[in-house]
Amino acid sequence: MTNPNTPITFPCGATMKNRFMLAPLTNTQSHENGQLSDAELKWLTMRAKGGFGLVMTCASHVQEIGKGFPGQLGIFNDTLNEGHIKLTNAIKAEGSLAVIQLHHAGMRTPFELINQKPICPSDNEEQNARGLSHEEVIQLKDDFITAAVRSQKCGYDGVEVHGAHGYILTQFLSATINKRTDEYGGSLVNRARLLFEIVKGIREKCGPKFLLGVRLSPERFGMDLEEVKQVTQRLVDEGNIDFLDISLWDVFKKSNDEKYQNKTLLEHFKTLDYKNVKWTVAGKIRNGEEVQKVLNEGVDFVTIGTAAIVHHNFPKLVVENPSFTAIEMPVSAAHLEKEGIGEAFINYLKARPGFVK
């Protein structure tokens with residue numbers, strides 16, 4: 001039985017002091033030009049103080065046109081570095097690993113945020129998105145890698161490449177969205193090519209001691225569970241990553257796809273051979289017993305979202321009391337303010353049914 005308060009060492013040599021990671025959570029609190037705000041700094045620093053062994057930023061866009069939501073923290077040019085340096089110093093001062101999630105929304109970028117058509121692997125009328133030229137795909141790859149190098153210079157311990165939730169790398173992986181006819185479309189090997197080239201490029205440029213993870217999700221947006229498992233295993237086998245972050249929406253549920261309902265999503269991913277690569281899952285882990293249950297399934301560490309919003313010190317509370325359960329929803333705006341949540345984030349959470357009183 002894994003104690004959630006024990007440290008974990010990644011293949012790159014970085015050590016996380018416990019088994020709790022803060023999920024990369026959209027919070028709309030930064031400035032519209034991508035600069036870090038005091039509100040976002042406070043929200044993330046409080047989670048480091050609250051005992052999260054790894055604090056991950058929200059999805060941070062690697063191209064200006066990859067912005068996915070208002071008030072998004074950017075990592076697309078050097079003018080943003082000052083905020084990131086301040087953030088990494090604050091997180092690391094609490095003994096937590098500081099990791100940034102590298103992101104591009106692709107066709108999920110709202111038109112009004114960038115005043116132009118969003119981009120996609122291929123033309124997508126439904127989303128009013130235009131397909132990328134071959135040259136633009138290469139530029140996108142380079143911008144992900146450059147953002148990782150920039151992150152390293154700003155003091156981050158590592159990066160997570162966002163390949164989940166229907167954003168641009170999911171769009172490339174998806175057989176239903178990606179209609180390209182060049183080497184980035186067609187077979188699974190081709191659809192996954194961009195992801196693997198980005199991961200390899202980051203490892204080459206940032207070196208063997210830089211923490212590198214990938215987030216994947218096995219459902220929605222044309223994702224096929226078996227294909228996602230194949231991509232996951234290949235990421236492990238190629239030896240360039242330190243951890244896999246599998247976002248399941250609900251860690252205990254079965255697949256939406258009838259042909260994979262013989263076991264839970266967690267059980268599907270448990271069958272893979274992770275070798276020395278660490279893995280985590282996210283999705284409705286709300287109390288100490290669920291944390292323990294997930295760790296007992298062989299998962300290396302847990303990724304906490306909602307419970308981390310309502311309790312900045314969720315890890316400490318669970319360590320002190322293994323049967324601790326997060327506060328019942330909905331919660332008051334006053335409670336969220338006390339937990340270091342700014343006005344913009346509270347307004348964003350109000351749009352989620354049953355979250356804010």
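Computed over heavy atoms, backbone and side chain alike; hydrogens, waters and symmetry mates excluded.
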Rounded distance [0.5 Å steps], OG1 in T57 versus CG in L22: 9.5 Å
Side-chain donor-acceptor pair present, H134, E183, cut-off under 3.5 Å: yes
Minimal non-hydrogen separation, S217 against H165, with atom names: OG-N, 2.9 Å
Sequence-distant partners of R108, side-chain hydrogen bond (donor to acceptor under 3.5 Å, both in side chains), two or more places apart: none
Pairs touching residues 21-42 that satisfy salt bridge (charged side-chain N to carboxylate O under 4.0 Å, His left out), sequence neighbours left out: E32-K67
Heavy-atom pair of closest approach, residues A105 and G68: CB-CA, 3.6 Å
Heavy-atom check, side chain of S30 versus side chain of Q72, under 4.5 Å: no
Side-chain (N178) to main-chain (S174) donor-acceptor, under 3.5 angstrom: no
Interatomic distance, H268 atom NE2 to L248 atom CG [nearest 0.5 angstrom]: 11.0 Å
Closest non-hydrogen atom pair between P218 and L265, with its separation: CG-CD2, 4.3 Å
Which residues share a side-chain hydrogen bond (donor to acceptor under 3.5 Å, both in side chains) with T264, sequence neighbours left out: E267
Greater than 12 external heavy atoms within 6.0 Å of E126's CD: no
Transitive ILVMFWY side-chain link V189 to V228, under 4.5 Å: no
Heavy-atom side-chain contact between L272 and V236 under 4.5 Å: no
Non-hydrogen atoms of F172 and L140 that approach each other most closely: CE1-CD2, 4.2 Å
Pairwise distance NE2(H311) to CZ(R286) - rounded to 0.5 angstrom: 10.5 Å
Identify each donor-acceptor pair in which a side-chain atom of residues 195-202 lies under 3.5 Å from a protein atom, sequence neighbours left out, and give them as a table.
unit_1	atom_1	unit_2	atom_2	d
E197	OE1	Y184	OH	2.6
E197	OE2	Y184	OH	3.4
K200	NZ	E204	OE2	3.1

Neighbour count above 12 (heavy atom, 6.0 Å) for K293 NZ: no
Test item: T170 side-chain N/O and A164 main-chain N/O as donor-acceptor pair under 3.5 Å: yes
Sole candidate of H104, E136, H103 that passes side chain to side chain donor-acceptor pair (under 3.5 Å) when paired with Q63: H104
Side chain proximity check, Q171 to Q127, heavy atoms < 4.5 angstrom: no
Hydrophobic cluster identity match, W249 and V291, side-chain contacts under 4.5 Å: no
Members sharing Y167's hydrophobic cluster (side chains within less than 4.5 Å): none
Side chain R130, main chain K117, donor-acceptor under 3.5 Å: no
Residues clustering with M16 (ILVMFWY side chains joined when closer than 4.5 Å, directly or via others): I8, F10, M21, L54, M56, L97, V99, L211, F243, F301
Spacing of C58 atom SG and Q29 atom CD [to the nearest 0.5 Å]: 9.0 Å
ILVMFWY network linking L216 to L188, side-chain heavy atoms under 4.5 angstrom: yes
All pairs passing side chain to side chain donor-acceptor pair (under 3.5 Å) where residues 275-284 contributes a residue, at least two apart: D237-K275, T280-T303
For the student: nearest non-hydrogen atoms of L36 and G83, plus distance: CD2-O, 3.2 Å
Atom NZ of K253 with >12 non-hydrogen neighbours under 6.0 angstrom: yes
Donor-acceptor under 3.5 Å (D157 side chain, A98 main chain): yes
NE2-OG distance between H162 and S60, expressed to the nearest 0.5 angstrom: 11.5 Å
Residue pairs involving residues 56-100 (criterion ring pair (Phe, Tyr, Trp, His ring centres under 6.0 Å); sequence neighbours excluded): H61-F76, H84-Y156
Considering all heavy atoms, the nearest S151-A147 contact: OG-O, 2.7 Å
Main-chain N/O of F52 paired with R47 side-chain donor or acceptor, under 3.5 Å: no
Spatial distance of atom CG (N3) from atom CD (Q292) [nearest 0.5 Å]: 7.0 Å
Greater than 12 external heavy atoms within 6.0 Å of K179's NZ: yes
C206 backbone acceptor or donor facing Q152 side chain under 3.5 Å: yes
From CA spacing to verdict: side-chain hydrogen bond (donor to acceptor under 3.5 Å, both in side chains), D257, S255: CA-CA 5 Å; D257 191 329; S255 173; 5.4 Å; no
Cluster check F210, I100: I/L/V/M/F/W/Y, side chain < 4.5 angstrom: yes
Side-chain donor or acceptor of D123 paired with backbone N/O of G131 under 3.5 Å: yes
Any I65 side-chain heavy atom under 4.5 Å of T109 side chain: no
Side-chain donor or acceptor of K86 paired with backbone N/O of L41 under 3.5 Å: no
N/O donor-acceptor pair under 3.5 Å between S122 side chain and I177 backbone: yes
D224 side chain near K259 side chain, heavy-atom distance below 4.5 Å: yes
Side chains of H31 and S37 in contact at under 4.5 Å (non-hydrogen atoms): yes
Verify same cluster id: V302, V281 (apolar side-chain graph, 4.5 Å): yes
Derivation and outcome, salt bridge (Lys or Arg N to Asp or Glu O under 4.0 Å), residues R191 and E227: CA-CA 11 Å; R191 285 180 277 120; E227 284 196 344; 2.9 Å; yes
Non-neighbouring partners of D250 that pass salt bridge (Lys or Arg N to Asp or Glu O under 4.0 Å), sequence neighbours left out: none
Atom pairs and distances, donor-acceptor, side-chain atoms in residues 312-328, under 3.5 Å, two or more places apart:
unit_1	atom_1	unit_2	atom_2	d
H312	ND1	E339	OE1	2.7
K316	NZ	K49	O	2.9
N321	OD1	S323	N	3.1
N321	OD1	S323	OG	3.0

Flag side-chain contact, heavy atom, 4.5 Å: T271 against K263: yes
Residue pairs involving residues 348-357 (criterion side chain to side chain donor-acceptor pair (under 3.5 Å); sequence neighbours excluded): T306-R352
Check: R19 side chain, P7 main-chain N or O, donor-acceptor pair, under 3.5 Å: yes
For R234, all residues meeting salt bridge (Lys or Arg N to Asp or Glu O under 4.0 Å), sequence neighbours excluded: E238
Validation row: V277, D242 side chains within 4.5 angstrom (heavy atoms): no
